[in-house]
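Structure first, then comments.
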2 protein chains.
Amino acid sequence: MSTERSRPTQADVARTAGVSQATVSMALNAGPEAMGRLTEETRQRILAAVEETGYWGNLAAKQLAGGRTSVLGVFTYEPVFPHAASDFYYPFLQGIEAEALGHDVDLLLFTSSHNSRSGAGGEGLRDWARRGRLHLADGCILFGRHSQRRDLAELLAHDYPFVFVGRREADGAEVPYVGADYEQATVEIVEHLADLGHQRIALALEFPEHESGVDRRRGFDRAIQETGAVPLILDGTVEHTGALLDDMLGTGTTAIAATPDIAATLRLDALRRGLSIPADLSIARLGDPEKPDGSTVGWSGFSIPRHEMGTGAVQMLLRHLQSPARPGETQVLLRCEVRASSTTGPAPGSKASAAARSRHPRSVLGTTQENTR
Amino acid sequence: MSTERSRPTQADVARTAGVSQATVSMALNAGPEAMGRLTEETRQRILAAVEETGYWGNLAAKQLAGGRTSVLGVFTYEPVFPHAASDFYYPFLQGIEAEALGHDVDLLLFTSSHNSRSGAGGEGLRDWARRGRLHLADGCILFGRHSQRRDLAELLAHDYPFVFVGRREADGAEVPYVGADYEQATVEIVEHLADLGHQRIALALEFPEHESGVDRRRGFDRAIQETGAVPLILDGTVEHTGALLDDMLGTGTTAIAATPDIAATLRLDALRRGLSIPADLSIARLGDPEKPDGSTVGWSGFSIPRHEMGTGAVQMLLRHLQSPARPGETQVLLRCEVRASSTTGPAPGSKASAAARSRHPRSVLGTTQENTR
DNA sequence: CTGAAAGCGCTTACAG
DNA sequence: CTGAAAGCGCTTACAG
């Protein structure tokens, strides 16, 4: 309960403790190693003085003098505030938080909502960057689908420490990230379908241009090569799943791998047309749904280790903060949990046996492990 | 695209622009008033140098030297991250954001979720405060139901600028807030019921101890005095609305004012018992529901000016930041929109006319205006 | 084991 | 109209 006008400083504490200001600094930041450099008695005296004066510390000064703030920023290209789509992002945040808590660092949310609304008035990340406000935090965790390449490039050029949750690219630079291995997961899904006897397999991606779409596409192509199945690339929009169905049926395609929202509406469309799943058509879901649809369908597909991506990103960031990132150690892909369930089955007319499923035991078990690319 | 190892400083900019460091500072912070103190030509030269060097500014230094960061903090005692209850809080945040955007200040979210989970590891606001991290922002907007009095007292004692969204009390100190006038709104609701001929009126509050409950209770008591109705104070829990109904029916009470969640379940209970609303029972809702129940019921009751509370709080905070708050100007209550709809009607057996409703024309119009207490 | 001193990158009077 | 200087509150070598 200080009655002074302005906040007490270390000098104030030092005065009432009868030591020098530098000693106060020592006592306050004493890591285990420096601990022995102070008498326990003076340390206690100083702590008492801290209480007495109501000293709080001045982060700005601390930071300026070269110390860390122990604050990590979180910037999201998606609206963080409650919102339909945000259920998808919640697990990421939980992971980030849990990990931060474990390391005793605080989290600061840089709000980007200017960005996600109308676009008026703000440019999101770049705004924060340009004004130097990003440096309120030692480094930053980024996530969200609508990231901008030039943002990342700018951050990289300025040597600002950050880690993206999800694989991202920037022009001519190595973006640090902790992502999910969509490519491998998609490979396994397509192989699973081929094993079930499907000869013609379709792919529908909601965001084919996006990194997450590119990865799935790459996995699809690879698996098609390996399995010798006939591919059908569909122009994927959630709105026109009817057209997708027509295309598939017209070409004799009996299985499809699709991003979650497309898969869900496609399934409903198919059922509405009297098709039965998986007897007439197998559908596999390439990821977790953005918006939980409350369905209890036993989807075949893979799920994204969102929590682990969050914790992993924080770990990587803290690591980079301690010692500069070495190239090749900045990009990590986590394994997705792949599972076969009730929306995929043997191709119509084929006699794929139960044994077919045993080809990828690992994927069905869904172990999560790191993969450095 | 600087290739230097560390971030460029004003000194670097000054060197390449051929001016002094202080001049760079001037040029960069030139408010309209100081604008005339620089040649347009040198200003341009400096801005060019800023681009060239990739200067970003150092907020810590800026703050330490006495300048503002132009960053406002937002601390919420509720989970900000997507959550059932958060729909209730969204409008507050929208208001806060909109206003901040208008004043060109950025918003920082101090995450408090440590707090809302298990309580392990963190104490929320006090954590931020003690480590001095609150000062990353010039001041702070607070909200959420689970605020701690001692937190506010501590902030006040340290002269940290903040404004609470919602009326809050602290021991022996004047907490700055922009709240909603629950007392007046409740008065109007009860008067409305009395006007409809109800002689016995019940009150059920979910959080009677909380400031928001105390205010409603005060309004209820006042209106009971004025109208001469017989009060019935019910022990309000959402879980036992059945018991509430019994109490009411047993005492011949024909109308009730209740906080939103109680009102909603009470209504369902009543309907289930074959009661008709409002013919047998009038129910008025004292506020907005925390969790939208998706009902399309035309509730009689009042709604909380959440968006305006958000904008008002930011305005007050910015005002206090410019010039220290004068006592008496720190507590504002906004008017709630009161409306009579289909869950309230004439008391059974009474002959209250339509004219009864005209007694409080203002409240029915629901104008929002400030009220300094 | 503790203190005196330099310096972090700014802003803000104060000189010229 | 621009520059030199002090100072914000810390941390971190460097002396004693």
Side-chain angles (χ1 to χ4, degrees), chain A residues 2 4-15 17-31 33-46 49-50 53-71 131-133 135-136 138 158, chain B residues 2 4-15 17-31 33-46 49-50 53-71 131-133 135-136 138 158:
Chain A
S2 67
E4 296 104 315
R5 212 72 286 279
S6 60
R7 308 163 57 187
T9 70
Q10 287 190 352
D12 297 322
V13 176
R15 208 170 302 121
V19 296
S20 81
Q21 175 264 319
T23 306
V24 174
S25 176
M26 276 251 43
L28 260 28
N29 303 321
E33 74 291 353
M35 220 47 172
R37 299 190 49 190
L38 243 57
T39 324
E40 182 55 23
E41 189 263 321
T42 59
R43 215 179 69 84
Q44 289 303 339
R45 194 147 37 90
I46 290 174
V50 165
T53 55
Y55 175 73
W56 261 7
N58 182 323
L59 253 202
K62 187 170 191 164
Q63 189 180 358
L64 185 57
R68 285 278 163 68
T69 59
S70 291
V71 172
R131 309 193 191 186
R133 285 170 169 76
H135 283 276
L136 289 169
D138 292 337
H158 279 87
Chain B
S2 65
E4 296 104 314
R5 213 70 287 278
S6 61
R7 310 164 55 187
T9 70
Q10 287 190 351
D12 296 322
V13 176
R15 207 170 302 120
V19 296
S20 80
Q21 175 265 319
T23 306
V24 173
S25 176
M26 275 250 44
L28 260 28
N29 304 321
E33 73 292 354
M35 220 47 167
R37 298 191 51 190
L38 243 55
T39 324
E40 182 55 22
E41 189 262 322
T42 59
R43 213 178 70 84
Q44 289 303 337
R45 195 146 38 90
I46 290 174
V50 165
T53 55
Y55 175 73
W56 262 7
N58 183 323
L59 254 201
K62 189 169 188 164
Q63 190 181 356
L64 185 55
R68 285 277 162 68
T69 58
S70 292
V71 172
R131 309 194 189 185
R133 285 168 168 75
H135 282 276
L136 288 169
D138 293 336
H158 279 87

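Note on naming: letters A, B, ... go to the chains in the order of the sequence lines (proteins, then strands), and numbering restarts at 1 for each one.
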Using modelled atom types and a 3.5 Å cut-off, is there a donor and acceptor pairing between side-chain atoms of A:Gln63 and backbone atoms of A:His135? yes
For B:Val71 and A:Leu136, run side chain to side chain contact (heavy atoms under 4.5 Å, CB included): C-alpha distance rounded to whole Å, both residues' side-chain angles, the deciding distance at 0.1 Å, then the answer. CA-CA 10 Å; B:Val71 172; A:Leu136 289 169; 4.1 Å; yes
Tell me every residue that passes side chain to side chain donor-acceptor pair (under 3.5 Å) with A:Ser70, counting only those two or more places apart in sequence or in another chain. none
Nearest-Å distance, CD (B:Gln21) to P (D:dG3)? 11 Å
Is a side-chain N or O of A:Arg15 found less than 3.5 angstrom from the main chain of A:Gln21, in a donor-acceptor match? no
Would you mind reading off the distance between B:Met26 atom CE and C:dT12 atom P, rounded to a whole angstrom? 9 Å
Whole-Å distance, B:Glu40 CD to D:dT2 P, equals 11 Å
Protein-nucleic acid N or O pairs under 3.5 Å, nucleotides 7-9 of chain D:
from  : atom 1 : to      : atom 2 : distance (Å)
D:dC8 : O2     : B:Leu64 : O      : 3.2
D:dC8 : O2     : B:Ala65 : N      : 3.3
D:dG9 : N2     : A:Ala61 : O      : 3.4

Encoded 5' to 3' (Watson-Crick or G-U under 3.5 Å; [ ] crossing; | other strand), DNA chain C becomes |||.||||||||.|||
Give a yes/no answer on whether the side chain of B:Thr42 brings an N or O atom under 4.0 Å of OP1 or OP2 in D:dT2. yes
I'd like to know if the side chain of A:Arg43 and the backbone of A:Leu28 have a donor-acceptor N/O pair within less than 3.5 Å. no
Does D:dT2 have OP1 or OP2 sitting under 4.0 Å from an N or O in the side chain of B:Ser20? no
Nucleotide C:dT11, atom C1' - distance to CD of B:Gln63 in whole Å: 13 Å
Set of side chain to side chain donor-acceptor pair (under 3.5 Å) partners for A:Thr42, sequence neighbours left out: none
Rounded to whole angstroms, how far apart are CZ on A:Arg15 and P on C:dA4? 13 Å
side-chain N/O B:Ser25 vs C:dC10 OP1/OP2, d < 4.0 Å: no
Quick one: list whatever passes side-chain contact (heavy atoms from CB on, under 4.5 Å) with B:Thr23, sequence neighbours left out. B:Val19, B:Ser20, B:Leu38, B:Ile46
Using only atom types and a distance under 3.5 Å, with no angle test, would you say the side chain of B:His158 pairs donor to acceptor with the backbone of A:Gly54? yes
Are a donor atom and an acceptor atom from the side chains of A:Thr69 and A:Asp138 found within less than 3.5 Å of each other? yes
